[in-house]
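Along the sequence shown, the residues carry numbers beginning at 1.
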Amino acid sequence: MYIANFTYQQMQIITPENNWISKMVNNRLVQHLTYWIFFVLFFAYAWGTYDADYLKTIKVELINLPVKIFLVYIVIYYLYPHFLYRRKIWQFLFSFLITIGITAILQRITDNLIIVDFFFSNWQKEPTFSITQLVRGAVNLGAVLALPMTVKLMEYLAKIQQNEQLLQREKLEAELIFLKNQVQPHFLFNTLNSLYSLILKKSDQSLDVILKLSDLLRYMLYETTSTQVDLSKEIACIKSYLDLEKIRYGNRIDLSVNIWGDINTNRIAPMIILPFIENAFKHSTKGFDGQAWITIEIGIKNQNLVLKIENSVPDASSDQDSIVGGIGLQNVKRRLSLIYPESHDLKIEMTEESYNVHLTLNLQ
């Protein structure tokens, strides 16, 4: 069963600021007093046009006011949260009608014992519990309920929407954290494989790999915890990764890198570019027995990041899904859709000779 559990605050009529006007206007007591004052004055004027005795009708409205206040606050502060907000519709309707009936009876008693005798002595008295008069009184009570019930219901619906948006945002943030944390061990796993192969070969470059790896781990641990990082730091991480791969593959890969534009004044979500580059190394060398090649272009143009990656496809790689897929690539696609839903354009193409990635990302 759905149970609403909200903490209500006063309705914000104007943007909260640290000044006495906003505090006064947004104060719940001031809002309620203002409503009742306008209610009394409006209906006193409306009924007072009959004989132009506005002072008399103000007194009449004030005498009837406690019963109406009782009705309004019972409905919006008891019946709403206990029944309507919990979707107990039939219980709400039954309790609402009972409350209206009790209030109509109280108002009829007030009319017959006070108002008619003291203010309209020339009127003919109707029986206090006349069904016709009770129904008429109950209908007239709709005037006092209309605005408070509408405002409170809209406030409740707005709160539901706000909570749903908050839950959705928290869900997306949790997913982004999971995806980002998934990239790091995936990348680390691949890099450790490189280190392992060098150690088996007893290569002197193993120490260089460890140093480069420590730089990358430092970046991942301390820089990628925020939602945005300096693009220059992300590029520096990419350069460290490229140095690692150069050590690993040596002359077996023809690597061309071109970085252009202003990379020092822009920020980007961390670990967005690297999975594409890692994917290029992984699949250009998968089963190759000759010379592999990779060209990488990263640039900034009009606040847009342009990433172009093209790599060779070995003849032995006939499984296109294995090239296009993979944890890292699928992960980064999902992160792009969450972080830059309307601000990126990703095109991936594969031919018999090459695999191409073209990403345009609006960094504004």
Side-chain angles (χ1 to χ4, degrees), residues 1-16 25-43 46-47 60-112 126-175:
M1 180 182 297
Y2 173 84
I3 297 178
N5 184 18
F6 297 118
T7 301
Y8 285 98
Q9 300 177 348
Q10 65 268 26
M11 183 173 62
Q12 302 293 330
I13 296 178
I14 62 176
T15 304
V25 172
N26 291 325
N27 183 272
R28 175 177 289 185
L29 179 60
V30 172
Q31 293 170 358
H32 286 224
L33 286 175
T34 302
Y35 169 73
W36 290 116
I37 290 171
F38 273 100
F39 178 85
V40 169
L41 294 178
F42 176 80
F43 282 98
W47 300 124
V60 170
E61 288 298 326
L62 289 174
I63 291 171
N64 276 325
L65 193 60
V67 174
K68 295 176 178 177
I69 290 176
F70 164 80
L71 172 64
V72 167
Y73 291 134
I74 283 291
V75 171
I76 66 175
Y77 287 118
Y78 184 81
L79 299 186
Y80 264 21
H82 283 79
F83 300 112
L84 187 63
Y85 295 167
R86 300 183 182 188
R87 298 188 178 181
K88 299 179 179 179
I89 305 300
W90 291 110
Q91 292 95 320
F92 170 76
L93 291 176
F94 176 78
S95 303
F96 179 73
L97 292 176
I98 293 295
T99 306
I100 287 284
I102 293 173
T103 309
I105 292 172
L106 293 175
Q107 184 165 290
R108 281 297 301 152
I109 294 173
T110 304
D111 287 344
N112 263 14
E126 295 284 344
T128 301
F129 299 107
S130 166
I131 298 299
T132 302
Q133 294 300 320
L134 287 173
V135 172
R136 182 179 298 170
V139 172
N140 289 337
L141 288 172
V144 72
L145 281 171
L147 184 60
M149 287 182 68
T150 301
V151 169
K152 206 65 181 177
L153 187 59
M154 293 186 67
E155 183 180 304
Y156 167 72
L157 295 175
K159 191 69 177 179
I160 287 181
Q161 184 179 20
Q162 180 182 350
N163 276 269
E164 288 178 346
Q165 291 174 348
L166 179 61
L167 289 173
Q168 183 67 18
R169 191 182 310 121
E170 290 176 348
K171 179 182 177 182
L172 291 178
E173 288 175 356
E175 184 177 357

With the side chain counted from C-beta on, respond yes when L71 and V67 share a heavy-atom pair under 4.5 Å apart, and no when they do not. no

Interatomic distance, OG1@T150 vs CD1@I76, rounded to 0.5 Å, equals 11.0 Å

Give me the ring orientation class for W36 and Y73: parallel if the planes are under 30° apart, tilted from 30 to 60°, perpendicular past 60°. perpendicular

Can you tell if the side chain of Y85 reaches within under 4.5 Å of the side chain of K159, non-hydrogen atoms only? no

In Å and rounded to the nearest 0.5 Å, what is the CZ to CD distance from R136 to Q107? 12.5 Å

Atom OH of Y78: over 12 foreign heavy atoms under 6.0 Å: no

Taking the six-membered ring for Trp and the single ring otherwise, decide whether the centroids of Y156 and Y80 are under 6.0 Å apart. no

Over all heavy atoms of both residues, which pair between I100 and L141 is shortest? Give the atoms and the distance, please. O-CD1, 4.1 Å

With rounding to the nearest 0.5 Å, note down the distance linking CE in M149 to CG in L79. 8.5 Å

Atom pair CG (L29) and OG1 (T34), whose distance is rounded to the nearest 0.5 Å: 9.0 Å

So how far is it from N64 CG to I69 CD1, rounded to the nearest 0.5 Å? 11.0 Å

Which atom pair, heavy atoms only, marks the closest approach of F92 to L84? CD1-CB, 4.0 Å

Which heavy atom in A143 sits nearest to a heavy atom in Y35, and how many Å separate them? O-OH, 4.4 Å

Do F39 and V72 make a side-chain contact, defined as non-hydrogen atoms from C-beta onward lying under 4.5 Å apart? no

Between atom CG of L153 and atom CD of E155, what is the distance when rounded to the nearest 0.5 Å? 10.0 Å

If you count the non-hydrogen atoms of other residues, nucleotides and ligands that lie under 6.0 Å from CZ in F94, is the total more than 12? no

Sequence neighbours excluded, every pair satisfying salt bridge (Lys or Arg N to Asp or Glu O under 4.0 Å) that has a member inside residues 65-79: E61-K68

